[in-house]
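Working notes for the structure below.
Here, residue 1 is the first one in the sequence, and each next residue gets the next number.
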Amino acid sequence: FVTMLSVHGYGQRSPGAPLDAVVTVIAWGTLATGTWIVLAAQARRAHDLGLSAAWVLVNLVPLGGWVAALAIALFWPGQAQDNPYGSPPR
């Protein structure tokens, strides 16, 4: 996305260019919305595993937290029985 913006010249500063501000607001809004959606999905997956949603904070560990979160989400099997967060989705 950033490369696309720089190719089209949006990264160049020119006086009175409101398009830069619009593109920046849209980009930050998209980033915030996407982050919210990913964190909500990870919290639901943690609940499926019987874990607290605080496990989403593992993403904050530098150089590998997101790898651990991805491995937990993809390869750790969910619980077959009910847990404190509800019944299995199956």
Side-chain angles (χ1 to χ4, degrees):
F1 182 71
V2 174
T3 304
M4 181 178 68
L5 292 178
S6 63
V7 167
H8 292 292
Y10 293 130
Q12 300 172 358
R13 294 282 179 208
S14 60
L19 186 59
D20 286 344
V22 172
V23 169
T24 301
V25 168
I26 291 172
W28 279 107
T30 303
L31 178 67
T33 303
T35 301
W36 183 267
I37 291 169
V38 167
L39 293 178
Q42 286 182 344
R44 287 189 187 114
R45 179 64 178 136
H47 286 169
D48 180 44
L49 299 171
L51 302 171
S52 167
W55 274 87
V56 171
L57 297 175
V58 76
N59 289 308
L60 298 176
V61 176
L63 301 175
W66 64 273
V67 174
L70 185 65
I72 289 170
L74 292 178
F75 302 115
W76 197 341
Q79 293 180 334
Q81 68 276 9
D82 291 348
N83 61 33
Y85 304 104
S87 59
R90 297 180 193 111

> Please walk me through it: do W28 and L31 pass side chain to side chain contact (heavy atoms under 4.5 Å, CB included)?
Replying inline: CA-CA 5 Å; W28 279 107; L31 178 67; 3.5 Å; yes
> Is any side-chain heavy atom of L51 less than 4.5 Å from a side-chain heavy atom of W76?
Replying inline: yes
> Taking all atoms of both residues into account, what is the closest heavy-atom pair of A53 and A43, and its distance?
Replying inline: CB-CB, 3.8 Å
> T35 and side-chain contact (heavy atoms from CB on, under 4.5 Å): which partner among T33, L39, I37, V38?
Replying inline: L39
> Which heavy atom of N59 sits nearest a heavy atom of W66, and at what distance?
Replying inline: OD1-CA, 3.7 Å
>> Under 4.5 Å between side-chain heavy atoms, counting indirect links through other Ile/Leu/Val/Met/Phe/Trp/Tyr residues: same cluster for V58 and V56 or not?
In response: no
> Rounded to the nearest 0.5 Å, what separation is found between the CG atom of L70 and the CZ atom of R45?
Replying inline: 11.0 Å
